[in-house]
Amino acid sequence: MTMVDLPDVDIDVRTTDDEDHDKVAHIVKPAYKVTESYVTGAPVTALCGKTWVPSRDPERYSVCSKCKEIHELSQAFNQ
């Protein structure tokens, strides 16, 4: 067996000081992925990078500021 050089792997650790990612609602595109996740249990990834399996009512929480900012920028460029 020969040794194979593997490329360096960057680990993207997203942290936030202004809000707890478990206490805010995140935006997932396309939106049907959230419904699909409720049925299949497959994780989804929000615009901000958080990956999880949705299980709570997002209407009870404020929207993640990072997701909101990315969504608004996306909307501005798509007009």
Side-chain angles (χ1 to χ4, degrees):
M1 182 184 278
T2 61
M3 284 296 274
V4 176
D5 288 329
L6 297 176
D8 290 339
V9 176
D10 291 332
I11 299 173
D12 184 8
V13 179
R14 296 173 191 252
T15 59
T16 176
D17 295 330
D18 57 341
E19 59 194 7
D20 184 349
H21 275 254
D22 292 331
K23 295 181 181 177
V24 294
H26 295 276
I27 299 172
V28 175
K29 296 289 183 176
Y32 75 83
K33 290 289 190 182
V34 175
T35 303
E36 188 177 273
S37 178
Y38 281 128
V39 174
T40 66
V44 294
T45 301
L47 296 179
C48 69
K50 176 181 171 59
T51 300
W52 83 109
V53 177
S55 63
R56 301 180 189 170
D57 178 10
E59 298 293 323
R60 297 177 42 203
Y61 302 93
S62 61
V63 177
C64 167
S65 61
K66 301 267 188 231
C67 284
K68 186 176 180 180
E69 179 182 343
I70 293 167
H71 177 70
E72 288 172 353
L73 284 171
S74 173
Q75 292 293 323
F77 284 109
N78 287 331
Q79 290 182 344

Distance (rounded to the nearest 0.5 Å) between S62 OG and K68 NZ: 9.0 Å
pair K66-L47: side-chain heavy atoms closer than 4.5 Å: no
Approximate separation, where rounding is to 0.5 Å, of I70 CD1 and C64 SG: 7.5 Å
Between NZ on residue K29 and SG on residue C67, distance to nearest 0.5 Å: 10.5 Å
T40 side chain vs E36 backbone, donor-acceptor pair below 3.5 Å: yes
Distance-only check: which donor-acceptor pairs under 3.5 Å involve side-chain atoms of residues 52-60, not counting sequence neighbours?
from : atom 1 : to  : atom 2 : distance (Å)
R56  : NH1    : D22 : O      : 3.1
D57  : OD1    : E59 : N      : 3.1

Rounded distance (nearest 0.5 Å) linking atom CD of E72 with atom CZ of F77: 12.5 Å
Evaluation steps, side-chain contact (heavy atoms from CB on, under 4.5 Å), between V63 and I27: CA-CA 8 Å; V63 177; I27 299 172; 4.0 Å; yes
V28 side chain reached by T45 side chain, heavy atoms, under 4.5 Å: no
